[in-house]
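Positions are given from 1, in the same order as the sequence printed here. Counting starts at 1 for both ligands and their atoms, in listed order. Model, not experiment: these values are computed from the prediction.
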Amino acid sequence: MRRLKLIMQSLPLILFLSLECFHLAASAVDQFTFDGFAGGNLTLDGTAVVTPDGLLMLTNGTTLLKGHAFYPSPLRFHEAASAGGSSSSPMRSFSTAFVFDIVSEYADLSSPGLAFVVAKSGDFSTALQSQYMGLANARNNGNASNHFLAVELDTIVNAEFGDMSDNHVGIDVDGLASVAADNAGYRDDRTGAFRNMSLLNRTAAQVWVDYDARTSLVNVTMAPLELPKPKTPLLSAAVNLSAVIGGEAYVGFSSSTGVVASRHYVLAWSFKMDGPAPSLNLSKLPALPVTIHGRAPSNILKIVLPIASAALVSALAIAVFIVHRRRLKYAELKEDWEVAFGPHRFSYKDLFHATNGFSDERLLGLGGFGRVYKGVLPVSGVEIAVKKVSHESRLGMKEFIAEVVSIGQLRHRNLVQLLGYCRRKGELLLVYEYMPNGSLDKFLYDQNRPALSWSQRFRIIKGIASGILYLHEDWEQVVLHRDIKASNVLLDAEMNGRLGDFGLARLYDHGTDPHTTHVVGTMGYLAPELGHTGRPSKASDVFAFGVFMLEVTCGQRPVSQDAHGDHLLLVDTVLEHWRRATVGDAVDPRLQGNFALEEASMVMKLCLLCSHPLPSARPSIRQVVQMLDGGTPLPELSQAHLSFNMLDLMQNQMDKSCSAASSVAGNISDFPRAR
Ligand SMILES: Nc1ncnc2c1ncn2[C@@H]1O[C@H](COP(=O)(O)OP(=O)(O)OP(=O)(O)O)[C@@H](O)[C@H]1O
Ligand SMILES: *[C@@H]1O[C@H](CO)[C@@H](O)[C@H](O)[C@H]1NC(C)=O
Ligand SMILES: *[C@@H]1O[C@H](CO)[C@@H](O)[C@H](O)[C@H]1NC(C)=O
Ligand SMILES: *[C@@H]1O[C@H](CO)[C@@H](O)[C@H](O)[C@H]1NC(C)=O
Ligand SMILES: *[C@@H]1O[C@H](CO)[C@@H](O)[C@H](O)[C@H]1NC(C)=O
Ligand SMILES: *[C@@H]1O[C@H](CO)[C@@H](O)[C@H](O)[C@H]1NC(C)=O
Ligand SMILES: *[C@@H]1O[C@H](CO)[C@@H](O)[C@H](O)[C@H]1NC(C)=O
Ligand SMILES: *[C@@H]1O[C@H](CO)[C@@H](O)[C@H](O)[C@H]1NC(C)=O
Ligand SMILES: *[C@@H]1O[C@H](CO)[C@@H](O)[C@H](O)[C@H]1NC(C)=O
């Protein structure tokens, strides 16, 4: 029955399409209309499907996936000056209209969104999901070789792309940082007043994208379905389209999900070269799947309460009073969007009891972010470490928590597992696995503890390297640590090194102005290029790891002061030993000569390679791991490398960039703070 109806529905469309194909067979396609996609010919990949009802569903309610839908053949975007045309001939105007809808599990939290795309290639297989919307990845984001123009409907704030709100529309060229963006909405034709629209209120809306070849302007307009196209566009930006896509290009849609299971739909779509897009027949839109709305509370309470006895009422009142007092003590901050993260959320009450009321005798240490307490979970008896981080702004909290939860999925024997979080007013609590032997720096510098043997140190170095390799290469997204140092390495019961605090550096980014770059990290571990770019990279993590290896091998802090109060960098000291061929003397004296000189000098040479001033000259963490395992021989240090002095270089770098990064200047005055 149902199938029959389907065929009946799609028959006219198929007929229409095949007629159209026939008609246009001689020239390339210049125009098409899909009033619903049943029977339509689209090239789909990833999660994208056309449902039997004729909806184009780009994402299917599964997290961390992407989907694309393109018109099957490329379109000619330049004038055909001569036979075959050439990409240097003038561009043509185009216009498109489409109806979309986003259905998220939650009322005000979703996955990043969807985008209309014009791209030289229809192959987005290397693009990432989540905030990259299936368009780019961390490496190629913004690179002119991407050759795409996109109009994004974005429901998440990503500070890294300078997103303005969690409900915005943007014009993107080759990357996710928009060239123009504004909150979703339209200008009223009569009054000129701006009317907000919500991308997430489960109401379909229409979007128009118009490109005028003469003025090179891309205009984006949106409106609720019941309104005609507003006269004033929401966005208007000049884009040199011939530089971006050149001659022929594919048109379609891209979308992705992050940690929230959302469905992104396109209901209808039309496109035309050299003129306004055919208007969509909105009475033919396919129906969205029915979503169950929350029902209103029952009336029973209204009846029962008045007839309840006075005694019952006062008993209730007392109970309410007690509960209320307990509530205040354990009050948490919890918002609707956090339902998604339920399993990762701890109750404040549990954490309060686990840590004996955050008592001082449970204090494990103080860090740059806040206090760390030891705890034992009430029921399971699992030992935990609770980090209390104070946070003032709520801005970006959603994204940060989403990230904390996604980071919680990272599992590796050399990483400290993040178990979950809890939130209170002005306070964020992060729950980690407990590491009975505390942090590595205590073993290196506390004279009351036994010195670590060389084999223990070498094992810790190798372990941390494989932990970083996992963060950099084995996870779907590149996770930069940004603060690798001995105090962030913890030791478990078997004295394995475990890297902690990964992803936390991002806390600095959220809730602050996305346009300023903050240099996150600790002096002495910061790669020189961070002084002027401020942009962390895999190479800057490798640099910090090099300094960390030196610290473990030499038992000395990366920055120290000599007798005259001048700063000394450990890297420079070791370089000096290398030049004089006395590397053995640089190894921690607490080892009393009990170490494998071959291994120690290999590690030190590797440190010097990792601390190369040019990021591109440093080995990748994969190469570092291979060299530590003895699988790959180390290259020789160049003469130039042997003759430089890191301290001079750093100071030069800072003099040059003082104006550029005042936050770095702030750190320079901290220089003696050898932490
Ligand atoms: N999971 C854990 N298990 C046991 N002890 C921990 C754990 N996490 C932290 N600690 C202890 O708490 C101390 C403070 O940790 P934290 O990571 O906040 O500070 P830090 O690494 O010294 O500084 P920063 O915050 O600047 O990175 C550590 O030195 C360590 O001794
Ligand atoms: C969504 O699509 C992916 C990839 O095609 C598939 O593995 C997954 O099972 C789908 N999920 C649902 C709920 O249909
Ligand atoms: C869809 O379009 C492609 C490219 O134009 C064509 O090769 C294919 O045969 C079409 N498929 C159908 C079912 O029409
Ligand atoms: C852009 O991508 C090309 C090709 O993938 C690459 O060669 C080039 O280095 C990239 N440019 C930047 C600035 O990353
Ligand atoms: C529209 O929404 C934005 C962002 O949520 C808000 O700042 C602005 O005040 C709203 N404008 C109107 C007219 O409601
Ligand atoms: C959603 O927003 C649009 C415009 O912003 C409005 O017309 C519509 O009534 C809203 N729908 C719901 C269900 O709130
Ligand atoms: C784009 O918007 C600008 C500014 O509102 C307008 O002048 C121009 O005519 C528009 N172009 C198209 C193709 O709609
Ligand atoms: C647009 O880009 C093309 C190709 O890169 C270039 O030849 C042309 O000069 C550019 N036009 C403008 C206005 O910048
Ligand atoms: C839109 O579709 C309906 C139902 O299929 C049809 O009756 C109507 O004539 C169409 N309108 C236009 C303007 O094509």
Which atoms of ligand 7 are found less than 4.0 Å from any heavy atom of P233? 2 (O), 5 (O)
Which atoms from ligand 7 have a heavy atom of D212 less than 4.0 Å away? 13 (C)
A243: numbered ligand 8 atoms lying under 4.0 Å from its heavy atoms: 2 (O), 5 (O)
Pairs where residues 264-281 contributes a residue and the test salt bridge (Lys or Arg N to Asp or Glu O under 4.0 Å) is met, not counting sequence neighbours: R92-D274
Considering only residues two or more places apart or on different chains, which pairs with a residue in residues 242-258 satisfy salt bridge (Lys or Arg N to Asp or Glu O under 4.0 Å)? none
Under a 4.0 Å heavy-atom cut-off, what residues line ligand 4? N143, S145
Do F77 and Y211 have their ring centres less than 6.0 Å from each other? no
Looking only at heavy atoms, the pair that brings M197 and Y186 closest together is SD-CD2, 3.5 Å
Locate the shortest heavy-atom distance separating W208 from P230; write the atom from each residue and the value. CZ3-CD, 4.0 Å
D541 and side-chain hydrogen bond (donor to acceptor under 3.5 Å, both in side chains): which partner among H472, H481, R482? H472
Can you name the residues that form a salt bridge (charged side-chain N to carboxylate O under 4.0 Å, His left out) with R190, not counting sequence neighbours? none
Would you mind telling me which of N201, L199, L200 makes a side-chain contact (heavy atoms from CB on, under 4.5 Å) with T203? N201
Geometric N/O contact N219 with ligand 7, under 3.5 angstrom: yes
